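Because the structure is a prediction, the values reported are computed rather than measured. Counting from 1, the numbers follow the sequence of the chain as shown.
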Amino acid sequence: EISAVMFQDNVQPDANDWKVFPYKMGSYALRAKPKNKELRKEFDDLKRMAIHRSELDAIVGHNNFMHLLGFEFDINGYHLISSGEDLSSVIPADCERISDIEYEALLKQPACKP
């Protein structure tokens with residue numbers, strides 16, 4: 001779920017719409033009642049489009065409660081999912097399966113092997 005955003009190029013957000021998000025430096029959370037009502041609608045639309053962990057578990061684990069998604073995190077603008085095994089799952093159209101070498105290049109450190 002999207003809780004906060006960061007603005008690029010040192011943009012100062014409108015204090016009528018955004019408040020400082022205390023859990024991540026430089027982040028802002030949308031106010032409950034922002035002055036810009038369209039901004040609230042856009043932010044809520046983004047939240048609805050978010051993919052939840054349970055949905056990813058269903059894709060990878062074929063709805064088997066014992067077969068769940070592995071480790072997941074964000075780095076350099078990519079959302080990485082490491083399962084540690086060869087998956088025969090159908091990969092969503094907006095996702096891409098990458099090799100261990102590509103994974104290591106994104107991390108700039110060796111990938112963990114199970």
Is there a chain of hydrophobic side chains (I, L, V, M, F, W, Y, each step under 4.5 Å between heavy atoms) that links [X] to [Y]?
X	Y	value
L39	V5	yes
M6	V11	no
L46	Y28	yes

Within 6.0 angstrom of K37 NZ, more than 12 heavy atoms from elsewhere: yes
Closest heavy-atom pair and its distance - A29, S3: CB-O, 3.7 Å
Gap between atom CD of E42 and atom CG of D45 - 0.5 Å precision: 7.5 Å
Donor-acceptor contact below 3.5 Å, side chain R40 vs main chain K35: no
Backbone of N36 reached by a side-chain donor or acceptor of D17 within 3.5 Å: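 Confirmed, D17 side chain pairs with N36 backbone.
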